[in-house]
Amino acid sequence: MCGALRLADAGKKAVLMGWVNRRRDLGQIIFVDLRDRTGVAQVVFSAELSATVHEKAEQLRNEFVIAALGTVKKRDADTINPNIPTGEVELVVDELRILNVSKQPPFLPSDTMLANEEMRLKYRYIDLRRDAMQFNIALRHKVAIAIRDYLSSQGFFEIETPFMTRSTPEGARDYLVPSRVQPGSFYALPQSPQLFKQILMISGFDKYFQIVRCFRDEDLRADRQPEFTQIDLEMSYPQPERVWETVEGFLAAAFKAAGHEIKINFPRMDYDDAMRQYGIDKPDLRLPALTDVRDCFTSEELQTLAINQDLPVLAIRTPKVGELSRKERDDIKPLFVSKGGARVFEDFKRIENKHPEAAAKIREKVRANATFEIHQKTAGDQDDLIVLVVGSAQSSADKDAHPASKRKVTPAEMAIYASAGLLRVALAQKYADRHGIFKKTGNPAQDYRFLWVTNFPMFEYDEADKRWMAAHHPFTSPHEEDMDKLETDPAMVRALAYDVVLNGTELGSGSIRIHRQDIQSRIFHALGMTDEESKSRFGFFLEALEYGTPPHGGIALGLDRIVMILAGAESLREVIPFPKTAAAKDLMMEAPTPVADAQLRDLGIGIVTKK
RNA sequence: GGGGGCGUAGUUCAGUUGGUUAGAACGCCUGCCUGUCACGCAGGAGGCCGCGGGUUGGAGUCCCGUCGCUCCCGCCA
């Protein structure tokens, strides 16, 4: 293989096959960098050696596929290329076969400048030839194998579950597959194998896993594709800690396969604390926490500044960003998303001018608050950017009206925390070059900040539908001690649910499940489902629960996201060979497409054009 | 569903206040070149300025619409 040639091979006969990555035609001598999966090697065509071979080599162009037969030669000292692993040798060719020619590609795998997304996706087979993509796909393979091996060694069985299954109206939109044999009926592609894996527990396969494709027909993001791969697992009789150990074990194996030794026993944090300290349920621990600096102001000051005294005043610290110019302060504004009554006080200078005492207190308090920070030594506090997010004086007048207003973090407070949490991340991304926190240090303990977020609320209130929804999913078990509040005070019920978070990305989400039919029914009730409804949607499952279901629980992690972070990529598209665009299209295959009328007739489907 | 960014040569981009024949780099083609490795040198070809409409004496540039790519909010049990 091209990339494998080494000094030790000098003198050997060799055949290299691959693509012409670059050619350098010097007249009587032609150099070609030949590329395959393993790397590049220089092959030499000399007119002196063979006029016919040299003549043929003159026809070579980028991306031609060739076989070069010759002798591996140690390069002269002054012609060694230290920039490539094969740079000490070259293949002196005495026979050249052109296996295939190539049209001029729209872009070259060797280009330093990246073509735009549209081009890359349309000509994905060329984009995938690039080193970076070859590396990412190889990394994905290694990670998947490591996880399989680890889970298998821990006694887990990899068991497949159907792709054509039943639509469940809860949750994400389903991708539907029409049935020809049952006209008018549809299968759904699984959003996850949730019910199947629970059924497997009921079936006695007490440790299950699967690296499995899941499908959700929702709008995309850089870290969301309509089809994505989960590491799905479930086990019988576990405490949450058993699940966490398992996850930490396979993540350690996966990161090891990628060359990183991570420390296990990830820190744990209650959902409430995550929201209060970071304003988000997936905190990026690399960045400083939020600080409530309400007590740094006097009551009069708060009034003067039109700040709501009953709501937190949150300081966002972004290290080493320094003071912002007038223009930069304007640039921040679009980053801010107000969740309801929240307002941004981007001009900290104004507070320093008018309320110097408060400003000094804020600086002190913010710097002292470094709960989970481990490596930001700020050179001096002048270097930090401080932005305040506050509640408008008139906001949250009706706060008691909300069904969740008795929670530890009230909905009105939550709006401020959430707004600040989003801005905190947005600022850090915008000024990443200045604070350098996102740059890899080579120390896994700093580069990869894992976290378990636990004790999520069981239900979220849907303002639009005026009803409670399952925060995780309706098969999640409530805390034992909250069981009595299911009917009386659903807002206060905590779930035995947990997320594993890495650097602000939710890697996975799981829970201990309900294993008793009566409790499952109560949950469906709490979600506003009648007996008839729950029976028609989940009857088979409720029935299964009645035949000796062991306690069980599990989790599912996004393989794509894990690989994305390991690859240092900004988008899932960089680690998925054939991804879809933001509009869920495959630009290479040109999917989806309309289908022939005959096909539709066969399925008993008519198309209604939307206005 | 909403908001932001982008769309000009094969590719990546520049294009001033609306003003001659729309530029650069890389790639491509031709020629020269025996140690290059992002080879070099000389010459050349290559443009529906995403698409449609409007304003204007005149539009790559301004306005409206539309399509595509992208990021974010909503959404993703």
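What's counted below: heavy atoms across the whole structure, side chains too, no hydrogens, waters or symmetry copies.
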Is a side-chain donor or acceptor of A/Asp465 paired with a backbone partner of A/Asp462 at a separation under 3.5 angstrom?
no
Are the side chain of A/Asn116 and the backbone N or O of A/Glu118 linked by a donor-acceptor pair below 3.5 Å?
yes
Which nucleotide, in any strand shown, forms a Watson-Crick or G-U wobble pair with [N], with both distances under 3.5 Å?
| N | value |
| --- | --- |
| B/G46 | none |
| B/A22 | none |
| B/G68 | B/C6 |
| B/C76 | none |
| B/C62 | B/G54 |

A/Glu48 side chain, from C-beta outward: closest of B/A38, B/U34, B/U70
B/U34
Nucleotide nearest A/Asp219 (side chain, heavy atoms from C-beta), chosen from B/C37, B/C75, B/C71:
B/C75
Find which nucleotide of RNA chain B each of A/Ala583 and A/Ser192 is nearest to by heavy atoms, and output the residue with the more 5' nucleotide.
A/Ala583
Which residue lies more 5' along RNA chain B, comparing A/Ala222 with A/Ile80 via nearest heavy atoms
A/Ile80
Considering every strand and a 4.0 Å limit on heavy-atom distances, what is the contact class for [X]: base, sugar-phosphate, or nothing?
| X | value |
| --- | --- |
| A/Glu117 | sugar-phosphate |
| A/Ala47 | nothing |
| A/Glu90 | base |
| A/Glu460 | nothing |
| A/Lys103 | nothing |
| A/Thr581 | sugar-phosphate |

Do A/Arg221 and B/U70 share a donor-acceptor pair, side chain to base, under 3.5 Å?
no
Please state whether the base of B/U70 and the side chain of A/Glu118 form at least one donor-acceptor pair under 3.5 Å?
no
What residues from residues 520-536 of chain A pass a heavy-atom cutoff of under 4.0 Å to RNA chain B?
none
Name every residue in residues 22-31 of chain A that has at least one heavy atom under 4.0 Å from any atom of RNA chain B, in order of residue number, or write none if there are no such residues.
A/Arg22, A/Arg23, A/Arg24, A/Asp25, A/Leu26, A/Gly27, A/Gln28, A/Ile29, A/Phe31
Quick one: is [X] getting a side-chain N or O under 4.0 Å of the [N] phosphate, OP1 or OP2?
| X | N | result |
| --- | --- | --- |
| A/Arg224 | B/C72 | no |
| A/Arg61 | B/C29 | yes |
| A/Thr112 | B/A38 | no |
| A/Asn62 | B/C28 | yes |

Are more than 12 heavy atoms, taken from residues, nucleotides or ligands other than A/Phe336, located less than 6.0 Å from that residue's CZ atom?
yes
Between A/Val575 and A/Asp560, the two heavy atoms sitting closest are CG2-O, 3.5 Å
Ion pair [X]/[Y], N-O distance below 4.0 Å:
| X | Y | value |
| --- | --- | --- |
| A/Arg120 | A/Asp127 | yes |
| A/Glu88 | A/Arg6 | no |
| A/Glu227 | A/Lys580 | yes |

Sole residue of A/His515, A/Gln198, A/Lys197 in side chain to side chain donor-acceptor pair (under 3.5 Å) with A/His552:
A/Gln198
Students often mix this up, so state it plainly: with edges at 30° and 60°, are the rings of A/Trp468 and A/Tyr461 parallel, tilted or perpendicular?
perpendicular
Considering only the C1' atoms, how many Å lie between B/C62 and B/G68, rounded to the nearest integer?
23 Å
Are A/Phe541 and A/Phe475, when compared by the centres of their aromatic rings, separated by less than 6.0 Å?
yes
Less than 6.0 Å separating the ring centroids of A/Phe215 and A/Phe228?
no
What string of B, S and - do you get for nucleotides 3-11 of chain B 5' to 3' if you count protein non-hydrogen atoms under 4.0 Å?
-------SS
So, do A/Asp531 and A/His525 sit near enough that their side-chain heavy atoms are less than 4.5 Å apart?
yes
Does a side-chain heavy-atom distance below 4.5 Å link A/Leu314 with A/Tyr417?
yes
